[in-house]
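Reviewing the structure listed below.
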Amino acid sequence: PTDPPSPQEHGLDFQRLLDASAYKEMFRQDMIRWGEEKRHADPSCFCRAAVEGAVQPVWVVSDTRRLSDVEWFRDVYGDVVQTVRVVATEETRKKRNWVFVTGVDDAESECGLDQGVAFDWVITNDEDKVALGKQLETLLQSLHRSL
């Protein structure tokens, strides 16, 4: 299998694709379609790309999107895998300028992990920074104990 093409190959600004801007939204459906084509040809291509060259004792793979991603990490790395889901209320998300887009926000790439995964950790990221900090500290302490 070939590596996924870089945003530069498509003339896109990588940094602007990382934020929640209108720029990203212009390309979001095309990015999802491209990702689906890649996954159809090779379901683990993005998982393998995420860990390529990783040698740290603990690393975070953010933004897995599908049950097949979680299953791949569990199959390859076993019990050391810790799954973390970050949630926020719809109200909080809207305050952060999120707007539901039919065909995008209800696609597997956005909600493929809403069911079928028993997460090890669920972190609530609403407007309470103190509560968020406490949750993250508990998670970090647990990870430190497992080293």
Side-chain angles (χ1 to χ4, degrees), residues 3-8 10-36 38-39 43-147:
D3 292 331
S6 68
Q8 292 81 11
H10 295 278
L12 303 177
D13 181 332
F14 180 71
Q15 288 303 315
R16 292 185 70 194
L17 292 174
L18 296 176
D19 62 25
S21 67
Y23 180 86
K24 176 183 174 180
E25 292 305 312
M26 290 188 317
F27 300 104
R28 196 166 170 208
Q29 286 185 316
D30 289 337
M31 292 185 328
I32 291 169
R33 187 173 23 260
W34 173 83
E36 292 301 323
K38 291 291 186 184
R39 284 177 181 284
S44 63
C45 69
F46 295 113
C47 293
R48 285 192 323 278
V51 302
E52 186 176 326
V55 295
Q56 297 79 9
V58 174
W59 29 280
V60 175
V61 178
S62 64
D63 219 12
T64 56
R65 298 296 182 115
R66 289 167 183 77
L67 182 57
S68 61
D69 295 341
V70 173
E71 290 172 341
W72 185 87
F73 280 100
R74 286 181 173 159
D75 287 347
V76 171
Y77 296 101
D79 292 339
V80 299
V81 172
Q82 293 284 299
T83 55
V84 180
R85 181 177 181 98
V86 180
V87 298
T89 64
E90 191 168 318
E91 178 184 328
T92 297
R93 295 174 73 198
K94 286 179 179 178
K95 286 180 182 178
R96 295 174 179 160
N97 298 320
W98 173 77
V99 177
F100 181 87
V101 176
T102 301
V104 174
D105 291 306
D106 53 359
E108 183 182 9
S109 65
E110 301 302 312
C111 55
L113 295 176
D114 288 352
Q115 297 175 2
V117 177
F119 288 92
D120 299 301
W121 300 87
V122 177
I123 304 293
T124 301
N125 183 15
D126 282 319
E127 297 182 48
D128 187 341
K129 291 180 182 182
V130 173
L132 175 61
K134 288 179 181 178
Q135 294 170 85
L136 293 174
E137 183 60 33
T138 301
L139 172 59
L140 289 172
Q141 287 174 2
S142 175
L143 293 174
H144 282 278
R145 284 191 301 269
S146 67
L147 292 177

Can you tell whether the side chains of [X] and [Y] come within less than 4.0 Å, N to carboxylate O?
X: Asp114; Y: Arg85; value: yes
X: Arg74; Y: Asp69; value: no
X: Arg65; Y: Glu110; value: yes
X: Arg48; Y: Glu52; value: no

Please evaluate residues Trp72 and Tyr77 with respect to the criterion side chain to side chain contact (heavy atoms under 4.5 Å, CB included), reporting the C-alpha separation (whole Å), side-chain torsions for both, the decisive distance (0.1 Å), and the verdict.
CA-CA 8 Å; Trp72 185 87; Tyr77 296 101; 4.1 Å; yes
Heavy-atom pair of closest approach, residues [X] and [Y]:
X: Asp126; Y: Thr89; result: OD1-N, 2.8 Å
X: Leu113; Y: Thr64; result: CD1-O, 3.5 Å
X: Val70; Y: Thr83; result: CG1-CG2, 4.0 Å
X: Ala88; Y: Arg93; result: O-CD, 3.7 Å
X: Ile123; Y: Gln135; result: CA-OE1, 3.3 Å

Taking Gly103's backbone N and O only, do any of them form a donor-acceptor pair with Asp106's side chain (distance below 3.5 Å, no angle check)?
yes
State which residue, out of Leu136, Asn125, Leu132, fulfils the side chain to side chain contact (heavy atoms under 4.5 Å, CB included) condition with Val86.
Asn125
Around atom CG of Asp79, are there more than 12 heavy atoms from other residues, nucleotides or ligands closer than 6.0 Å?
no
Heavy-atom count around Gln141 CD within 6.0 Å, excluding the residue itself: above 12?
yes
Report the distance from atom [atom1] of [X] to atom [atom2] of [Y], rounding to the nearest 0.5 Å.
X: Ser68; Y: Glu108; atom1: OG; atom2: CD; value: 6.5 Å
X: Arg33; Y: Lys38; atom1: CZ; atom2: NZ; value: 14.5 Å
X: Lys134; Y: Thr124; atom1: NZ; atom2: OG1; value: 13.5 Å

Taking C-beta and beyond as the side chain, do [X] and [Y] meet within less than 4.5 Å on heavy atoms?
X: Leu143; Y: Gln82; result: yes
X: Val51; Y: Phe73; result: yes
X: Trp121; Y: Ser142; result: yes

May I have the step-by-step check of side chain to side chain contact (heavy atoms under 4.5 Å, CB included) for Phe100 and Glu90, ending in yes or no?
CA-CA 10 Å; Phe100 181 87; Glu90 191 168 318; over 6 Å; no
